[in-house]
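I have placed the structure first, in the form of structure tokens, so that the comments after it can refer back to it.
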There are 2 protein chains.
Amino acid sequence: MQKKRTTLKDIARATGVHVSTVSRALDPTERKSITPEVVAKIQAAAERLDYRPNRIAFGLRTNRTMTVGVVIPDITNPIFPPILRGIESVLEPLGYASIIVNTDSEREREIRLLEVLRDRGVDGVIHAAVLRSDPSIAKAAQDGLSVVTLNRRVENSNIPYVINDEDMGICEMLRHLTKLGHRRIAHLAGPQDLSTGQLRLAAFRNAAERMSIEIDPQLIVTAIRFDEDEGARCTRDLLTSGHDFTAVLCANDRLALGCIDVLRENGLDCPSDISVSGFNDMPFLQLARPRLTTVRIQQYDAGITAASILLRLMNAGADDDIPLETVLPVELLERESTGPVAAQRR
Amino acid sequence: MQKKRTTLKDIARATGVHVSTVSRALDPTERKSITPEVVAKIQAAAERLDYRPNRIAFGLRTNRTMTVGVVIPDITNPIFPPILRGIESVLEPLGYASIIVNTDSEREREIRLLEVLRDRGVDGVIHAAVLRSDPSIAKAAQDGLSVVTLNRRVENSNIPYVINDEDMGICEMLRHLTKLGHRRIAHLAGPQDLSTGQLRLAAFRNAAERMSIEIDPQLIVTAIRFDEDEGARCTRDLLTSGHDFTAVLCANDRLALGCIDVLRENGLDCPSDISVSGFNDMPFLQLARPRLTTVRIQQYDAGITAASILLRLMNAGADDDIPLETVLPVELLERESTGPVAAQRR
DNA sequence: CGCCAATGTGCAATCGTTTGCATATTCAGT
DNA sequence: ACTGAATATGCAAACGATTGCACATTGGCG
């Protein structure tokens, strides 16, 4: 590895004081108990010798690694990079580094990777991939690890969580579609073992009930992954089922993209024949045509918020009052994939 | 932090042997010097007490953190997530964790983040964001840090590098365009302070020369960022310059997307009026219409390759022969954005 | 039966910090 | 000037592992 780094001992030798004095002189909170001039001398020496504290030794002694773990399903899902940048933007300036792990939404992987993070002694974890019931993360939190979940809460726990106002998003989208005259509205639901999939389906049902829209159970079809292929498959199922519909509210953008493709294959134009809506407003969505009507969720800000809460959690004593729930607002984006219901369908 | 983890000392106490014996019994390479039955006893105890080695202490003693740094320009650029997954796929099973940092292509940030990584004692670095001249990474390598660069080489150094065969990609693209009858071919070059920007421009010039295609210097216009806005701006410059061209070979996909937009604004259809090509085949590119003719570079595999080389570098003695250069093949993808040159232009 | 080598285990130092406690010095108050 | 704090520094023990070396035990061989 590197040639040889200068240590506290080197500085002690160079200045003729004890290593503990050097340590104190270099620590802003302890510095006050040291004569200013020897502090100056030590700092000068530290500067001259290009001293860099050894974080490993620090970590061993203090049990603080200045490292946090970030657990996500898959970094290649474009909604996560902005979240990570948001997290980084608050943690990195404070000297924290983050270790990012991808669970691929597999329970075993998630458990194992959480172990890995704990073994490495991370000071806290931001978890954006909790499954619906997740004992491992709950146990970790109970053992005293600082944890914040993102996009999802762990039920029956006091783990703080940051979520987007998905209910509101689904609700506004539904209102938008009804305003355009749609009544027979299908829902492409996401995987029900995933946070968002389940939440959005529930939100859809609730909103429909509140708005007194009758939902044909046959018009709700569930994807097993959040991707274009599943959006396509579900849409085919919908079409072959023979049930009539004029709009498809999809649980995320990728499902919507797959949906539109299959509609087109079947000679149905979006939006003039059938309206389709997405969710997330994921990056690069603007490449698609027609431009997708969707719900924008805050990605960067969600990262910032989660990281800020984690910080408070890690530093604060139990006295501090950390908000258990943070709900970030969403925004309806009306674009081209939704339009007034066609005069007559079929 | 966690309640209390069991340490070697706990196991020693439980089994009645010395802590050093425990250490050896648990280390596969040292195990042979211990009686099999005491090994068994110790392993049983370790199992029972749920022993997990403390990586921090290990790191302090051995100066190996089992951590690597990955330096990229920006994780929100979709070509990087697959690279990261590739890296992870080889490093994670071996017990390595990676710390990912984003430089935003800013020299100061890069230098600072490299410091951060060195401070944390990473065992090695995969650097996918080196600038054209980069003393900091060269110095780090000289100090004994294991370094592999990705997508770019540090000149005059023996730092191993993994690159895509960009020359070949540009060359094949040019050949493709000429085969379609294009002669007046413009180039939207990338930022010249960035690896890829400069390389691809050079490749373009070389290929043109080799194929005896005369390139009008006025038809080469340089972007200052690799994004759609710059692609748009450059295309406007090209159009207002009044120089004639029938195809635009862009240094990356995003420039090409911006280019096509501006052509469309000006009533020019791609590809029937003007052909446009990209580079990278970035994720989600398939959303765009017309589907872009581009050059696919290997992303996941590049990550795998770089990580494998880094591994050899970290573990091997100087005796090992590590390949200095690895060039990954690229692939021309003919899609819809390029076509035969129009009968007459303007 | 004795000696030496081989083998298995223990001892203790070490990695670079932090930090409670002891000690040495200074200084003010009376 | 003497006492008593207050203040500044040093000492040494941690943190949890690895590892060179010393030592003890065993067994083989002459």
Side-chain angles (χ1 to χ4, degrees), chain A residues 1-43 45-46 49-67 95 118-121 123, chain B residues 1-43 45-46 49-67 95 118-121 123:
Chain A
M1 314 302 134
Q2 348 291 67
K3 293 284 179 201
K4 76 226 157 291
R5 288 158 56 105
T6 102
T7 77
L8 287 189
K9 210 183 292 182
D10 297 328
I11 302 185
R13 197 176 313 121
T15 55
V17 300
H18 193 265
V19 51
S20 64
T21 308
V22 178
S23 171
R24 283 189 258 258
L26 261 26
D27 177 352
T29 76
E30 289 278 352
R31 183 171 312 161
K32 56 177 171 357
S33 57
I34 305 276
T35 316
E37 51 202 31
V38 26
V39 167
K41 184 173 61 177
I42 290 174
Q43 285 183 321
L49 299 178
D50 187 33
Y51 170 72
R52 339 223 35 146
N54 182 324
R55 288 171 166 285
I56 308 295
F58 175 92
L60 180 58
R61 178 64 228 249
T62 64
N63 216 26
R64 302 184 58 212
T65 54
M66 298 300 281
T67 306
R118 297 184 72 179
D119 281 356
R120 288 186 166 268
D123 296 336
Chain B
M1 317 299 135
Q2 347 291 66
K3 292 285 179 203
K4 78 229 155 291
R5 290 157 56 105
T6 100
T7 77
L8 287 190
K9 210 183 293 181
D10 297 327
I11 302 184
R13 198 175 312 122
T15 55
V17 300
H18 193 265
V19 50
S20 62
T21 308
V22 179
S23 171
R24 284 190 257 258
L26 262 25
D27 177 353
T29 76
E30 290 277 351
R31 185 170 311 159
K32 56 175 171 1
S33 57
I34 307 275
T35 316
E37 51 202 30
V38 26
V39 167
K41 185 174 62 176
I42 290 175
Q43 284 183 322
L49 299 177
D50 187 33
Y51 170 72
R52 337 222 35 145
N54 183 323
R55 290 173 165 283
I56 308 295
F58 175 91
L60 180 59
R61 180 61 229 252
T62 64
N63 216 24
R64 303 185 57 211
T65 54
M66 299 300 281
T67 306
R118 298 185 72 179
D119 281 356
R120 288 185 168 269
D123 296 336

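These values consider heavy atoms only, across backbone and side chains, with no hydrogens, waters or symmetry-generated copies. Because the structure is a prediction, the values reported are computed rather than measured. The sequence lines fix the lettering, A, B, ..., with proteins before strands; numbering per chain opens at 1.
With salt bridges taken as basic N to acidic carboxylate O contacts below 4.0 Å, one links B:R52 and A:D119.
For B:I42 and D:dA17, the CD1 to P distance is 13 Å, given to the nearest whole Å. Here the C1' atom of nucleotide D:dG16 and the CG atom of B:L49 are 16 Å apart, to the nearest Å. Put simply, CD on B:E30 is 14 Å from P on D:dC21, counting in whole angstrom units. Distance, B:I34 CD1 to D:dT19 P: 13 Å, rounded to whole Å. Straight-line distance from the CG atom of B:D27 to the C1' atom of D:dG20: 15 Å, rounded to whole Å. Rounded to a whole Å, the CG atom of A:N63 is 17 Å from the P atom of C:dT17. Atom CZ in A:R52 sits about 12 Å away from atom P in C:dT17, given to the nearest Å. Following rounding to the nearest Å, A:I11 (CD1) and C:dG16 (P) show an atom-to-atom distance of 13 Å.
Listed by residue number, B:V17, B:H18, B:S20, B:T21, B:R24 are the residues of residues 12-25 of chain B with a heavy-atom contact under 4.0 Å to DNA chain C.
Judged by closest nucleotide on DNA chain D, A:P36 is the one of B:L8 and A:P36 placed further toward the 5' end.
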Strictly under 3.5 Å: I want the nitrogen or oxygen pairs between protein and nucleotides 4-6 of chain C, one per line.
none

What does the list of N/O pairs under 3.5 Å between the protein and nucleotides 4-7 of chain D look like, with a distance for each?
none

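Between the A:T62 side chain and the A:R64 main chain, a donor and an acceptor come within less than 3.5 Å of each other. In this structure a side-chain-to-backbone donor-acceptor pair under 3.5 Å is missing from A:T65 to A:G59.
Within the structure, a side-chain polar atom (N or O) of B:K9 is placed less than 4.0 Å from OP1 or OP2 of D:dC15.
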For B:T7 and B:N54, run side-chain contact (heavy atoms from CB on, under 4.5 Å): C-alpha distance rounded to whole Å, both residues' side-chain angles, the deciding distance at 0.1 Å, then the answer. CA-CA 8 Å; B:T7 77; B:N54 183 323; over 6 Å; no
Output, in order, the C-alpha distance, side-chain angles, deciding distance and verdict of side-chain contact (heavy atoms from CB on, under 4.5 Å) for B:I42 and B:L26. CA-CA 8 Å; B:I42 290 175; B:L26 262 25; 3.7 Å; yes
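Checking B:R120 against A:T67 by side-chain atom types alone, a donor-acceptor pair falls below 3.5 Å.
When the side chain to side chain contact (heavy atoms under 4.5 Å, CB included) test is applied to A:V19, the partners found at least two apart in sequence or on another chain are A:L8, A:A12. With sequence neighbours left out, the side chain to side chain contact (heavy atoms under 4.5 Å, CB included) criterion links A:R13 to A:K9, A:D10. Applying the side chain to side chain contact (heavy atoms under 4.5 Å, CB included) criterion to B:A45, with sequence neighbours excluded, gives B:I11, B:T15, B:R48.
Closest to the A:F58 side chain, of the nucleotides C:dT17, D:dG16, D:dT9, is C:dT17. With distances taken from any side-chain atom of B:L60 to the nucleotides D:dG16, D:dT9, C:dT17, the minimum falls on D:dG16.
Considering every non-hydrogen atom in both A:L60 and B:I56, the closest pair reads N-CG2, 3.4 Å. Between A:E30 and A:S33, the shortest heavy-atom distance links the atoms O-OG, 2.8 Å. In terms of heavy atoms, A:D123 sits closest to A:M66 at OD2-N, 2.7 Å.
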